[in-house]
Amino acid sequence: MRIKKLLGAVAVVLAVTVGATGCGSRGGAASPSSGSADAAGALVGISMPTQTSERWIADGKNVSDSVTKLGYKADLQFANDDIPTQVSQIENMLTKGAKALIIAAIDGTTLTDVLAKAKEQNVKVIAYDRLINGTPNVDYYTTFDNYTVGVQQATSLLTGLGLLDASGKKVEGKGPFNVELFAGSPDDNNANFFWTGAMDTLKPFLDAGTLKVPSGQTKFEQAAILRWQAPVAQKRMEDILTAAYSSGTKLDGVLSPYDGLSIGIISALTSTGGYAKGSLPVVTGQDAEKGSVKSIIAGEQYSTIFKDTRKLGEQAVKMVDAVLKGQEPETNDTKTYNNKVKVVPAYLLESVIITNDNYKKELIDSGYYTEADIK
Ligand code: BGC
């Protein structure tokens, strides 16, 4: 009797999932049907933080396309940088019967309850780019080496100022230079890694007095920009320019951890700061967003960090495919990402510093953008 019931249930699940995915269009080869019956045509929830930044839109699309290519169903949602929206979108995914979740959290500490529900339903959870903190219910994590991203941001600041040469060697007899420091959102685990990597790199120069911070704001809490909001960064830059630079002190460089913030910072520099677009301080960034690559080509923003979201998406989908088939996904870091409950096994990817010198090779030749995208 129990076996009969079970077989009946399996038949229903198969009928529902096959019906929902339209198995005829899967083409067979990449079908997950070789895995467990649970995997075939399973629904994968993809929760992205916001559409205000190109990178997350691209991430969402890459992940959703790859999930679908493997024969799974994708439910892609963007949460408008609003925590309750993200939580309720994930709840809906669970209600719809998602078997796995790929989540880029807005605030890495706010998903504990909804992920407890996921666990009850035996749903696998992959943290995407941002670590989910304070819960045991996150299975794997894929991201870039975030500490190194911070090192690269600071390195490009130093190179732009002429304190390092192209090979990364210290150039003696330069400076002192005035810089200001920005950090990302304090509720995003990555922001701390970027900051630590950057500050470890800048510290010897700050200690030696080769770099000075005229605002005196050198603490993460002072530099952090909640939710990575460009207008907030612009306002902070304006306030700093007014308070510490109005008597003619020249600003030479700005550590910015994200292209969106760099755009706000550059606006403040040209308006309040009165800097001409052709002679701006060295401003860094992250994500190689189209607008900022254009700005780099125009000689305004100095650098950005390219994180190939195609590779990140591919890695996340590989992880999902493996867990749904009851296999162990590949990881390359089992030490770094402690979410305060456990160390989450991670797969880390590499990032690249982009300036006017190499954007063609890295962004165009690699097919990430077309020439037309960044004209
Ligand atoms: C990502 C960065 C991005 C930032 C703002 C971080 O979590 O790792 O690539 O610039 O969020 O969206």
Side-chain angles (χ1 to χ4, degrees), residues 20 42-70 72-144 146 184-185 187-191 226-228 258 287 307 309-324 329 337 339 341 344 346-347:
L43 179 66
V44 178
I46 304 160
S47 172
M48 291 287 147
T50 179
Q51 293 187 81
T52 56
S53 155
E54 277 166 22
R55 78 146 286 191
W56 296 114
I57 299 173
D59 284 288
K61 187 175 179 324
N62 290 338
V63 174
S64 169
D65 289 351
S66 319
V67 158
T68 316
K69 254 190 222 142
L70 286 184
Y72 299 110
K73 277 186 67 189
D75 180 9
L76 168 63
Q77 303 292 335
F78 293 90
N80 203 16
D81 262 335
D82 181 57
I83 296 164
T85 303
Q86 183 161 50
V87 171
S88 82
Q89 286 176 338
I90 296 172
E91 269 165 0
N92 279 337
M93 290 169 185
L94 295 175
T95 308
K96 287 184 210 161
K99 294 278 178 261
L101 299 171
I102 296 176
I103 301 173
I106 296 167
D107 176 332
T109 62
T110 54
L111 300 176
T112 308
D113 292 348
V114 71
L115 294 189
K117 280 188 204 155
K119 176 72 181 175
E120 276 166 26
Q121 297 180 26
N122 197 24
V123 173
K124 300 293 180 197
V125 177
I126 313 293
Y128 184 89
D129 197 52
R130 297 174 174 175
L131 186 61
I132 301 171
N133 279 312
T135 168
N137 302 319
V138 48
D139 298 287
Y140 293 97
Y141 178 36
T142 184
T143 187
F144 291 83
N146 294 307
S185 190
D187 54 5
D188 177 345
N189 197 61
N190 289 349
L226 184 66
R227 301 280 131 74
W228 304 90
Y258 157 52
D287 291 338
K307 297 162 57 171
T309 52
R310 296 170 301 186
K311 292 188 184 155
L312 186 62
E314 193 185 306
Q315 202 52 48
V317 174
K318 272 193 198 164
M319 283 180 160
V320 156
D321 192 38
V323 292
L324 284 174
Y337 289 98
N339 82 346
V341 174
V344 184
Y347 192 98

| field | Heavy-atom side-chain proximity of Val323 to Met319 below 4.5 angstrom | value | no

Nearest heavy-atom contact between Val341 and Gly134 is CG2-C, 3.4 Å

Rounding to 0.5 Å, atoms CD1 (Ile126) and CD1 (Ile46) come to a distance of 12.0 Å

Nearest heavy-atom approach of Gly45 to Met93 is CA-SD, 3.5 Å

Tell me if a side-chain donor or acceptor on Gln86 pairs with a main-chain N or O of Ile106 at a distance below 3.5 Å. yes

Closest non-hydrogen atoms of Tyr141 and Arg130, given as atom of the first, atom of the second and distance, are CE1-C, 3.4 Å

So CG of Leu43 and CG of Leu101: to nearest 0.5 Å the spacing works out to 9.0 Å

Closest heavy-atom pair, Thr68 versus Ala74, reported as atoms and distance to 0.1 Å, is OG1-CB, 4.0 Å

We want to know whether Asp188 and Ser185 form a side-chain donor-acceptor pair, criterion being a heavy-atom distance below 3.5 angstrom. no

Any side-chain heavy atom of Asp129 sitting closer than 4.5 Å to one from Lys307?
yes

Looking at Thr142 and Tyr347, would you say the former's side chain and the latter's main chain have a donor-acceptor pair under 3.5 Å?
yes

The side-chain hydrogen bond (donor to acceptor under 3.5 Å, both in side chains) partners of Lys119 (sequence neighbours excluded) come to none

Separation between OG (Ser53) and OH (Tyr258), nearest 0.5 Å, reads 3.5 Å

Margin query: Using side-chain heavy atoms (C-beta onward) and a distance below 4.5 Å, is Leu131 in contact with Thr143?
Written below: no

Sorted by chain and residue number, the salt bridge (charged side-chain N to carboxylate O under 4.0 Å, His left out) partners of Asp187 (sequence neighbours excluded) come out as Arg227

When rounded to the nearest 0.5 Å, the distance separating CG of Leu111 from CG of Asn133 is 10.0 Å

Is there a side-chain contact between Thr52 and Trp228 (heavy atoms, below 4.5 Å)? no

CG (Asp107) and CG (Asn189) are apart, to the nearest 0.5 Å, by 10.5 Å

Residues Asn339 and Thr135: closest non-hydrogen pair is ND2-O, 2.7 Å

So CG of Leu76 and CE of Met48: to nearest 0.5 Å the spacing works out to 7.0 Å

>> If you define the side chain from C-beta out and look only at heavy atoms, does anything of Tyr72 sit under 4.5 Å from Asp321?
In response: yes

Item to check | Full working for salt bridge (charged side-chain N to carboxylate O under 4.0 Å, His left out) between Lys117 and Asp113 | outcome: CA-CA 7 Å; Lys117 280 188 204 155; Asp113 292 348; over 6 Å; no

Nearest heavy-atom approach of Ala127 to Val138 is CB-CG2, 3.9 Å

### Message
Please check this pair: side chain of Asn137 against backbone of Val125, looking for a donor-acceptor N/O pair closer than 3.5 Å.
### Response
no

Please check: side-chain N/O of Gln121 versus main-chain N/O of Gly97, any donor-acceptor pairing under 3.5 Å? no

May I ask you to test the Ile103-Leu115 pair for a side-chain heavy-atom distance under 4.5 Å? yes

*asked:* Do Asn146 and Tyr337 make a side-chain contact, defined as non-hydrogen atoms from C-beta onward lying under 4.5 Å apart?
replied: yes

Quick check: do Lys99 and Leu324 have side-chain heavy atoms less than 4.5 Å from each other? yes

